[in-house]
Number of protein chains: 2
Amino acid sequence: MSERTTSAVADKPTPTMRDVAQLAGVSVTSVSNYLSDYPYMKQTTRERIRQAIEMLGYVTDERARSLRSGRTGLISLAIPSLTQIYFAELAERVIAAARRRGYGVTVESTAFSRRHELESVAAMARKMSDGLILSPLLMERRDIARLAGDYPLVVLGECLFDVPAPHILVHNIDAVKALTQHLLDAGCRRIALIGGALDRRRTSTETLRTQGYLEALAQADVPVDAKLIRPIPAWETDEEAKDDASGGAGYVGRGIATRRNGSEIVRRMFEEGIKADALLCYNDLLAFGALRQLREMGVRIPDDLRVVSMDNLEEAQYTIPSLTSVELGKEQIAQCAVDAILEQVAGGGRGAAEQRYVDFSIHYRESSPAVA
Amino acid sequence: MSERTTSAVADKPTPTMRDVAQLAGVSVTSVSNYLSDYPYMKQTTRERIRQAIEMLGYVTDERARSLRSGRTGLISLAIPSLTQIYFAELAERVIAAARRRGYGVTVESTAFSRRHELESVAAMARKMSDGLILSPLLMERRDIARLAGDYPLVVLGECLFDVPAPHILVHNIDAVKALTQHLLDAGCRRIALIGGALDRRRTSTETLRTQGYLEALAQADVPVDAKLIRPIPAWETDEEAKDDASGGAGYVGRGIATRRNGSEIVRRMFEEGIKADALLCYNDLLAFGALRQLREMGVRIPDDLRVVSMDNLEEAQYTIPSLTSVELGKEQIAQCAVDAILEQVAGGGRGAAEQRYVDFSIHYRESSPAVA
DNA sequence: ATGAAAGCGCTAACAC
DNA sequence: GTGTTAGCGCTTTCAT
């Protein structure tokens, strides 16, 4: 069917290990050994093989190698979306960490869809990658059973708990507590939680962060005003997510942290006449939108209102004013996740269900300078 | 070495096609045929196979399939960095487009390094993916020879020309011309080009955009002031890039478009006392930094100064003020690139060296509203 | 309509 | 030290 258009000369197929062995006058085993740095080999043999490989321009076919050895040299990374900058920054670091270990990364954007998250899990059975780094967002308790298997797996974040695999977590509660404490120290008493969630039916990053906020207020004996806890409007704009919601029975729609939602939440809060002296945002994206909206309404930051947030995206340094934000340890998460996968690859199967926490740190900027 | 911790029962290895065939009482060929929707098959056979597959929970091993069939179902995407938001947005679309065609995407971040770009090319010989979508940034003319091969390849952007493969390009010159014309129509006469490049020794996105700017000015008989063309400072902060520069003989260091560089260029320009009534930025990232700096210096936008840019990142809607920017067709590029790869996969080899252009459109926002 | 057999290119026992 | 052999799990002629 296909008529390859190559040079007029007879099609020279890509050389195999057999060709190399033949040219070098040795067996394929020796070539294989040579390639895997087998130590017990005569220097002359080694040299002959080296030359043959060079002459033929031989390169290992990783497909064949993977079929035989069971390893593909690929790790799958399943994240909600690369357009959520946090995940783009995380993915970049995962790719870098994997490369350092000689691995490639297949990125699966699950597009805010539970179905796609489950698909990325199911894909592991197809064996095209050695392990899965999964950052679930919409999977549910009942989906945990599908994570069973003996392939290397690492789960990120707070969407799921009790997963049968290493689980990398950030100190959401402590980080938000520290951030809230910072605002309290600065004298704020009406701290709005932009993107907070009082719904405790399921644990999520939102509910954990809300918990940190509540604990800090409780410790400082500052009363909680429920009106200051502003959830992300559900399904504001996202079609894909809507589709997914209709698919999952009993699924409670949750909103997505976007700049637009950040603006919207702030606009509505002010419309309702709710006064605040600080905004603690669920993440930087919401904060960016909030800053934009506050600016439009002529609110002075940090004089009238302090704004703090979480994720410490690169962009946080360039907003007006620059944004005080918590770095939750992207670099560490990436490195830790890749290492956990490779440990499992080396160990020949699924790792223990331990939880690994990474460190956080507050980066103070103009929107809420550190207090003395 | 490895002591798998599984159930006490004997380890049941993942079922192969042979197991399915055995259980269904047919040959492996029939199972294979079933899986590839072979039409001439008795309904009863089909059903027996279906049941066997279901009972065993059989899933095809893509490694084996790929070794035999030559297809891996994976496309490699090599881009400079996911932290450059433009590329994150592009990658997201490539992943989505590939998924629609049943393909996965291996993302290689070449980290602003010529060496990594060449590595992603060399990796194709290893056959772990069916094709490469390459967005080169630092490769040079002399590297083009390395792109020879009969694997599917698509090249994006203006870093390279005369590549032996389909090449997807955006209308850089025309887009900048249109953008410049818009500023001229608005009455601007001193338009600074932030991130422009007068160096014509090699064609690059920067030089093309600069060309569009110059052409528009020439057509309008507006004199060019070389002081208004502000290049990105070379190697401002990037270590990785520095390494690479030292490696490539005769390599001319180029700067990277970052928010920081955008701020810096504007700061220096004002320090030098150079007056402008508009800023045409090489891309949104530079523009974001520029807006930040202008804001700090108390410049009113668009009253004192108009600002326009290219890339139309999501963020452009949320800056203060929101940014007029050109959409260069990310969606179309992604779809076109994936299709071009798949055409080559189907055709059995490298496609012809045609150039495909995608469309652009200006999105007018606060930083430079459309003029009547 | 279905099956037998021959590998895809490599690695891993195990001989020698 | 090096070679022989037996597959990894699948697709693909080619018979029947």
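Because the structure is a prediction, the values reported are computed rather than measured. We name chains A, B, ... by the order of the sequence lines, and we start the count at 1 in each one.
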N/O donor-acceptor pairs under 3.5 Å from side chains in residues 17-31 of chain A, not counting sequence neighbours:
{"unit_1": "A:D19", "atom_1": "OD2", "unit_2": "A:T16", "atom_2": "N", "d": "2.8"}
{"unit_1": "A:S27", "atom_1": "OG", "unit_2": "A:T29", "atom_2": "N", "d": "3.4"}
{"unit_1": "A:S27", "atom_1": "OG", "unit_2": "A:S30", "atom_2": "N", "d": "3.3"}

Closest heavy-atom contact between A:R63 and B:M128?
N-SD, 4.0 Å
Residues in residues 27-37 of chain B with a heavy atom under 4.0 Å of DNA chain C, by number, are B:S27, B:T29, B:S30
In short, A:S66 meets A:T72 closest at the heavy-atom pair CB-CA, 3.8 Å
Which of residues 121-132 of chain A have a heavy atom under 4.0 Å from DNA chain C?
none
Is there a side chain to side chain contact (heavy atoms under 4.5 Å, CB included) between A:Y58 and A:I49 once you walk through the steps?
CA-CA 11 Å; A:Y58 168 80; A:I49 295 175; over 6 Å; no
Any base atoms under 4.0 Å from B:M41, or only sugar-phosphate, or nothing? Heavy atoms, all strands.
sugar-phosphate
List in chain and number order the residues that pass salt bridge (charged side-chain N to carboxylate O under 4.0 Å, His left out) with B:R101, two or more places apart in sequence or in another chain; answer none if no residue qualifies.
B:D339
Would you mind telling me which of B:L134, B:V154, B:V155, B:D143 makes a side chain to side chain contact (heavy atoms under 4.5 Å, CB included) with B:V163?
B:V155
Counting C-beta onward and ignoring hydrogens, is there a side-chain heavy-atom pair between A:L153 and A:M124 closer than 4.5 Å?
no
Trace of the side chain to side chain contact (heavy atoms under 4.5 Å, CB included) decision for A:F161 with A:H167
CA-CA 8 Å; A:F161 280 95; A:H167 193 166; 4.2 Å; yes
Main chain of A:R350, side chain of A:D150: is a donor-acceptor contact present, judged purely on distance under 3.5 Å?
no
Name every residue in residues 50-61 of chain B that has at least one heavy atom under 4.0 Å from any atom of DNA chain C, in order of residue number, or write none if there are no such residues.
none
If you look at every heavy atom in A:P80 and A:S135, which pair is closest and at what distance?
CD-O, 3.8 Å
Quick one: label B:S66 by what it contacts on the DNA or RNA (base, sugar-phosphate, nothing), any heavy atom closer than 4.0 Å.
nothing
Which residue, A:T44 or B:R65, contacts DNA chain D at a nucleotide closer to its 5' end, judged by nearest heavy atom?
A:T44
Result block: side-chain N/O donor-acceptor pairs under 3.5 angstrom for residues 36-45 of chain A, not counting sequence neighbours:
{"unit_1": "A:S36", "atom_1": "OG", "unit_2": "A:S32", "atom_2": "O", "d": "2.9"}
{"unit_1": "A:S36", "atom_1": "OG", "unit_2": "A:N33", "atom_2": "O", "d": "3.4"}

Does anyone know the first and last nucleotide of DNA chain D in reach of chain A, 5' to 3', at under 4.0 angstrom to a heavy atom?
D:dG1 to D:dG9
Steps toward side chain to side chain contact (heavy atoms under 4.5 Å, CB included) verdict (B:L147, B:L160)
CA-CA 11 Å; B:L147 292 177; B:L160 258 33; 3.9 Å; yes
Is the backbone N or O of A:L138 less than 3.5 Å from a side-chain atom of A:E117, with the two atoms forming a donor-acceptor pair by type?
yes
What bend angle does the helix from C:dA1-D:dT16 to C:dC16-D:dG1 show across its length, from five-pair end axes and to the nearest 10 degrees?
30°
First-last contacting nucleotides on DNA chain C - partner chain B, under 4.0 angstrom, heavy atom:
C:dA1 to C:dG9
Pairing residues for B:A123 by the side chain to side chain contact (heavy atoms under 4.5 Å, CB included) criterion, not counting sequence neighbours
B:R126
Under 3.5 Å, which donor-acceptor pairs do the side chains of residues 87-100 of chain A form with other protein atoms, sequence neighbours left out?
{"unit_1": "A:E89", "atom_1": "OE2", "unit_2": "A:E314", "atom_2": "N", "d": "3.1"}
{"unit_1": "A:E92", "atom_1": "OE1", "unit_2": "B:S81", "atom_2": "OG", "d": "3.4"}
{"unit_1": "A:E92", "atom_1": "OE1", "unit_2": "B:L82", "atom_2": "N", "d": "2.6"}
{"unit_1": "A:E92", "atom_1": "OE1", "unit_2": "B:S109", "atom_2": "OG", "d": "3.1"}
{"unit_1": "A:E92", "atom_1": "OE2", "unit_2": "B:S109", "atom_2": "OG", "d": "2.7"}
{"unit_1": "A:R93", "atom_1": "NE", "unit_2": "A:E331", "atom_2": "OE1", "d": "3.3"}
{"unit_1": "A:R93", "atom_1": "NH1", "unit_2": "A:E89", "atom_2": "O", "d": "3.3"}
{"unit_1": "A:R99", "atom_1": "NH2", "unit_2": "B:S109", "atom_2": "O", "d": "2.2"}
{"unit_1": "A:R100", "atom_1": "NH1", "unit_2": "A:Q335", "atom_2": "OE1", "d": "2.3"}

Can you sort out the partners of A:E108 under salt bridge (charged side-chain N to carboxylate O under 4.0 Å, His left out), two or more places apart, ordered by chain and number?
none
Can you find a side-chain donor-acceptor pair between A:R71 and A:Y103 that sits under 3.5 Å?
yes
Take A:I75 and A:L342, measure what side chain to side chain contact (heavy atoms under 4.5 Å, CB included) needs, and give me the verdict at the end.
CA-CA 9 Å; A:I75 295 174; A:L342 297 190; 4.3 Å; yes
